Number of protein chains: 2
Amino acid sequence: MKNPQATIRDLALKLNISISTVSRALRNAPDVNPETKKAVLELAKQLHYEPNRVAQSLRIKKTNTIGVVVPEIAMHFFSSVISGIQEYSAKHDYSIMICQSMESLRTEKSNIHMLVSNRVDGLLISLSSQTKNVEHLEHLIAKQIPIVLFDRITSDLDVSKVVVDDHNGAFKGVEHLIKTGCKRIAFIGGPDSLYVSDQRLRGYRDAIRNYNIAFDEELVIHCKDLHTDPTEATHKLLDLPQRPDAIFCMNDPVAILAMQVLKEKGIRIPDEISLVGFTNEPVSQFIEPSLTTIAQPAYQMGQTAAKLFIQQLDNKQEFKPITKVLPTELIIRNTTRKL
Amino acid sequence: MKNPQATIRDLALKLNISISTVSRALRNAPDVNPETKKAVLELAKQLHYEPNRVAQSLRIKKTNTIGVVVPEIAMHFFSSVISGIQEYSAKHDYSIMICQSMESLRTEKSNIHMLVSNRVDGLLISLSSQTKNVEHLEHLIAKQIPIVLFDRITSDLDVSKVVVDDHNGAFKGVEHLIKTGCKRIAFIGGPDSLYVSDQRLRGYRDAIRNYNIAFDEELVIHCKDLHTDPTEATHKLLDLPQRPDAIFCMNDPVAILAMQVLKEKGIRIPDEISLVGFTNEPVSQFIEPSLTTIAQPAYQMGQTAAKLFIQQLDNKQEFKPITKVLPTELIIRNTTRKL
DNA sequence: TTGAAAGCGCTAACAA
DNA sequence: TTGTTAGCGCTTTCAA
């Protein structure tokens, strides 16, 4: 019965040479006899030798593994980001370890512990909506563990970040509502602490101010739980003495919940109330009426985050955190009126 | 300047005890003085000690990491499966490393190499549509590396598997078409080698045979590329001298492509042609008309695969491969006629 | 209850 | 060009 996994020692023994020579041959070192190298590589192939990265990692103190933490893997936006991270990383010989915080700070912390214990070379994180305080990340930075934040970022940390232009995206969305004749535009978002929600709200405010529409506190609703609360939020808006004639939603799932309420109530979209979402999830082009929304380049965000991260590793000395802002795009569909 | 990461040696030095005692204390071994243990745990916390799993793994020859290979992370079905795997694994102290084959055998192989080099404790795999030959997996089995296949499985490997009841799901879908009055039902699927496509085709055939409808070769189309080919396939079906009055599609994305063609041609759904999909992706409930489809418990499939895998690791000796078949559910919506 | 020591598989000085 | 050796951080046997 043969060994489950051959080691360089097995190769060395069979070839009657030293393990360091085998090591050199495998790593394509310059100072090794071509014939020796050939023999080693041949035997390695024959025995289905696979280098033990665990041992390598321990020795060179680098795992070539990136830890990734997202709120929810199954959200289309995040799975697209992950896809981008994975593809870029694989190309550069990095593996990725993935965790989901499920929007819980507690789980986020335990994810990070697990990843640090696994000695990932650093972390790519999109914060949970519960995360207001980032002490747990400051510890990492003190330990010199590289971090890149994406999408759900915080200004409290001096690290590289990748975001889309949330402010401008929201601005464009609200501007489109105004240009198509809406005058009383509501906003449904998440908690203040959620970076993307806050930025989009700012974009909303700046857009209405820019077009001389008074800001009305009543028209802005923050949801704690974005999976459920927007339904109630929509009802609340409809019960207002002065109904809004448009709702700008912080993302597509929120917009879809709002749309369901409007449909139930028999309110015509976009004539009575217009609707704009954010993200451009696949659903939004197929729903009836199809959703006007702001597209975010999710896949590209993943690629960019991985790229920034690997660059940081390659330039440990002269590294300066940078923030990449990716462009958004207004996708006009049928939940907004024609110009 | 302090060490980026404390080791048990650091703890031992500071406490003036041996590293083996520290190790024991940290692992909650029975034979260690409670006071010593307390001191160790306190100092560990104070120094933000994180055990080095790389070193542990090398020593105990177990990484507590599961390798996962899926065709495409960003497909909703797979990201849901991954979510299930991740959650179950994390609960049992396993990390997961994720790769995507992008439906390429070559990439699938290189993914597997990477994961094996990282000495994952085993693999959870959903095969690429290109994978007809599974030699690369037989090598792993020879090396005693545990494998669990899910969804895209093969009968050529004697390992544990998790699938949904594709045959029965397809049967139910086609049966529903027949019961709602369809008589000439087409099938659009993937390559024969793709397990799920093949099973669903069998379900289709058995259903029409069961209801005494003759099988017509013309009505069955296999697509190489499921992202693009179904459009052409639909056109082909429409150009048939005798048009079908229903199309059973091997999954929802295919059904959506078919629907687009039907809409362009102004064909009424479901009156002229009915449509049934498979998977129940989120899109299918929102598209107009909403898609009748077969729901697959993706998240549960992930949980089950992870569970089977961990059970296998825990029972190495007396392990026997088993296949779990999860139930499907017919979701009746508006692309099929009323009963 | 504790410590000394070997060794997991690999890399990288250093020596030959 | 090759070999010897130490050691990455940990677990575990054996002895004290």
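In the text below, chain A, chain B and the rest are named by the order of the sequence lines, each starting its count at 1. Since we're looking at a predicted model, the values are computed, not measured.
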Any donor-acceptor pair under 3.5 Å linking the side-chain atoms of [Y] with those of [X]?
X	Y	answer
A/Glu103	A/Ser129	yes
A/Ser80	A/Ser83	no
A/Gln5	A/His48	no

- [ ] When you get a sec, tell me which of D/dC10, D/dT1, C/dT1 is the closest nucleotide to the side chain of B/Asp31?
- [x] C/dT1
For [N] and [X] - does any side-chain N or O of the residue sit under 4.0 Å from the phosphate oxygens OP1/OP2?
X	N	answer
A/Lys61	D/dG7	no
B/Lys37	C/dT1	no
A/Tyr49	C/dG9	no

Task: Of A/Arg9 and B/Pro30, the one whose closest DNA chain C nucleotide lies more 5' - done: B/Pro30
Task: Closest-nucleotide ordering on DNA chain C, the 5'-leading residue of B/Leu58 and B/Pro34 - done: B/Pro34
Open item on the list: Any base atoms under 4.0 Å from A/Thr36, or only sugar-phosphate, or nothing? Heavy atoms, all strands.
Closed with: sugar-phosphate
Open item on the list: What contact category does B/Ile60 fall into here, base, sugar-phosphate, or nothing, at under 4.0 angstrom with non-hydrogen atoms?
Closed with: sugar-phosphate
Task: DNA chain C contacts made by residues 17-27 of chain B, counting heavy atoms under 4.0 Å - done: B/Ile17, B/Ser18, B/Ser20, B/Thr21, B/Arg24
Open item on the list: Taking atom NZ as the centre, does A/Lys38 end up with more than 12 heavy-atom neighbours from other residues, nucleotides or ligands that are less than 6.0 angstrom away?
Closed with: no
TODO: Run the salt-bridge test on B/Asp31 and B/Lys37 with the 4.0 Å N-O cut-off and return the result as yes or no.
DONE: no
